[in-house]
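Notes to accompany the following structure.
All chains are named by letter (A, B, ...) in the order of the sequence lines, taking the proteins before the strands, and each is independently numbered beginning at 1.
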Protein chains: 2
Amino acid sequence: MMNAPKSRPRDGTLRTKLVDAGVQLLRDRGPDGLSLRECAAMAGVSHAAPGYHFKNLMGLSTAIAARGYRLFCNAMLARRDKAGPAPFERLSAICHGYLDYAAGHPELFLFIFSGQKFNENDQDFCVASSEAYGILRETCAPLVPPGSEIEETEILVWSLVHGYAHLAMTRKKDNPKLGRGWPDLDALLSHLRNALAAQSADKTRE
Amino acid sequence: MMNAPKSRPRDGTLRTKLVDAGVQLLRDRGPDGLSLRECAAMAGVSHAAPGYHFKNLMGLSTAIAARGYRLFCNAMLARRDKAGPAPFERLSAICHGYLDYAAGHPELFLFIFSGQKFNENDQDFCVASSEAYGILRETCAPLVPPGSEIEETEILVWSLVHGYAHLAMTRKKDNPKLGRGWPDLDALLSHLRNALAAQSADKTRE
DNA sequence: CTCATAACTTGACAATGTCAAGATAAGATC
DNA sequence: GATCTTATCTTGACATTGTCAAGTTATGAG
C-alpha cells in the first residue's frame with residue numbers, strides 16, 4: 001500500500017521543486033536567505049540531493065535567475081499583447097510589464113539585478129536573459145529617431161524604467177513624502193515620448 | 001621589548017579597519033564574499049572581535065553601506081563643485097559623479113543598491129543615505145518645470161542615471177555590441193534636457 | 001533475472017555567524 | 001601605588017551552511 005514515504009522517487013520534478021523552494025526562500029528571507037539545504041528540506045529530500053541537479057549553489061542561483069528572467073519576459077509580453085499597434089503604446093506596455101514584474105516578484109527582480117555572478121555558460125539562463133533584452137530591442141526599434149543609434153534609444157528607455165523600478169524598491173523610503181507620492185510611471189513616460197519626438201521631429205505622427 | 005604581538009590594543013581603529021576589510025572583501029570576492037571572520041583575520045584580531053563593534057553581520061553591512069553612501073555623496077559633490085552655476089550643468093555634474101562612483105567603487109555601488117536589508121536605526125547609515133538624496137533634490141530644484149511636482153523631476157532624473165549606471169554594471173554584456181558601443185551618458189542627458197525644457201517652455205532661458 | 005545507470009542518501013569536513021564567558025589593558029578613584 | 005571599573009578584545013562552543021566522497025535504491029534495458 002505504501003502511502004507516501006517513498007512515493008515520489010524519480011518523478012523528475014525535484015529540480016523544479018528546488019527552484020520553487022529557492023524562490024520562496026528569497027521571498028521569505030531576503031536576498032541572503034537562499035540555502036541549498038533549506039531548499040532540499042522544503043522539497044522533502046536529503047541535504048545533498050540538490051548537488052545532483054545543480055553543481056553547486058551558483059547552479060541553483062542560476063536556475064532561479066533563469067526562471068526570474070522568464071517571468072520577466074512573460075510580464076512584458078502579457079502587457080504588450082494587450083496593447084494596440086502604435087509603437088509608443090507598445091513601448092509603454094512593456095514598461096508597465098516591467099513594473100508588474102517588479103511588483104509581483106520583487107525577490108526575483110532584485111535577485112536577477114543583484115550583481116551577483118551567475119553561470120554564464122548555462123543555456124537556460126542565457127536564453128532567458130537575452131530574450132528579455134530582445135523584447136526591449138524589438139519594441140524600441142520603431143521609435144529610434146532617424147540618424148541615431150538604436151542603442152541610444154534602448155538604453156534611454158531601459159535606464160528610465162529600470163531606474164524607476166529599482167529605486168522604487170530599494171529607496172522608496174528615502175523621502176517620506178514619496179511613500180505616498182511616488183510619481184506615476186506614465187508621467188515619466190510622457191517625458192520620454194517628448195524627448196523621442198523632439199529628436200524624431202516628424203516620424204511617429206499619430 | 002615586545003615587538004608587536006600585542007602592540008595595538010585599544011587604539012580605537014579596529015572598527016574602521018574592519019570596514020576597510022569588508023570593502024576589500026566585497027571587491028575581491030563579490031557581493032557574497034563578506035565574512036565577519038575574514039574581516040577579523042584581515043584586521044589581525046580574533047574571530048569574535050567584530051561582534052563587539054557590530055551587533056551582527058548586518059551591523060557590519062550597515063557600516064559598510066554608510067561608508068558607501070558617504071563616498072557616493074563625495075563623488076557627486078566633487079563634480080558639482082567644479083561645475084558652473086547653470087542649473088542643468090550642475091545636474092549634469094552630479095550625474096557624472098554618480099557614474100564616477102559606480103565606476104570607482106563598483107562593489108559599494110552594487111552593495112548599497114543590492115536590496116539587502118540594512119539597519120535602518122543606524123544613525124550613520126541614515127544620515128549618509130538621506131544626504132545622497134538631498135544632493136539630488138537640491139540640484140534638481142531649479143529645474144522643476146513650473147506647475148509640476150518636484151518629485152516627478154527628481155525621480156525622472158534619478159531613474160535615468162541610476163538605471164544607466166546599474167544596467168551598465170549588471171547587464172553590459174547582454175549585447176556584445178554594447179560592450180564597445182554603450183552610449184554616452186551625455187547623449188541621454190541631452191534627451192533629459194529636451195524633456196525638461198519642453199515642459200518648462202520658457203523658464204531656464206540661459 | 002541481471003545489470004547499468006540515474007537519482008538519490010548518509011556521512012564527513014571546513015567555514016561561517018553568534019553567543020557566553022573569560023582575560024586584559026587603561027584610566028579613575030581612593 | 002593598590003584596587004575597581006569599564007571598554008575592548010580572546011577563547012571556546014554550537015548550530016548551520018556548502019561541498020565532496022561513498023554508499024544505496026529504483027528504473028528501465030537486455
A:Leu34 and A:Cys39: CA distance, side-chain angles, deciding distance, side-chain contact (heavy atoms from CB on, under 4.5 Å) verdict: CA-CA 8 Å; A:Leu34 193 61; A:Cys39 287; 4.2 Å; yes
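B:Thr153 contributes atom OG1, which lies 9.5 Å from atom CG of B:Leu91 (distance to the nearest 0.5 angstrom).
The side chain to side chain contact (heavy atoms under 4.5 Å, CB included) check on A:Leu108 picks up A:Val23, A:Ile64, A:Leu71, A:Tyr101, A:His105, with sequence neighbours excluded.
Atom-to-atom, CZ of B:Arg15 to P of D:dA7 comes out at 16 Å; the value is rounded to the nearest Å. Between the P atom of D:dT6 and the OH atom of B:Tyr52 lies a distance of 12 Å, rounded to the nearest Å. When rounded to the nearest whole Å, the span between CZ of A:Phe54 and P of C:dA7 equals 13 Å. As rounded to whole Å, 13 Å separates atom C1' of D:dC9 from atom NZ of B:Lys17.
Ion pair B:Arg137/B:Glu151 flagged as a salt bridge, since at least one NZ, NE, NH1 or NH2 atom sits closer than 4.0 Å to an Asp/Glu carboxylate oxygen.
Neither OP1 nor OP2 of D:dA7 sits under 4.0 Å from any side-chain N or O of B:His53.
A:Tyr133 pairs in a ring pair (Phe, Tyr, Trp, His ring centres under 6.0 Å) with only one of the listed residues (A:Trp158, A:Tyr69, A:Phe72), which is A:Trp158.
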Protein-to-nucleotide contact annotation, 5' to 3' order, nucleotides 13-19 of chain C [B base; S sugar-phosphate only; - none; under 4.0 Å, heavy atom]: ---BBBB
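When atom types are taken as modelled, the side chain of A:Ser129 and the backbone of A:Cys126 share a donor-acceptor pair closer than 3.5 angstrom.
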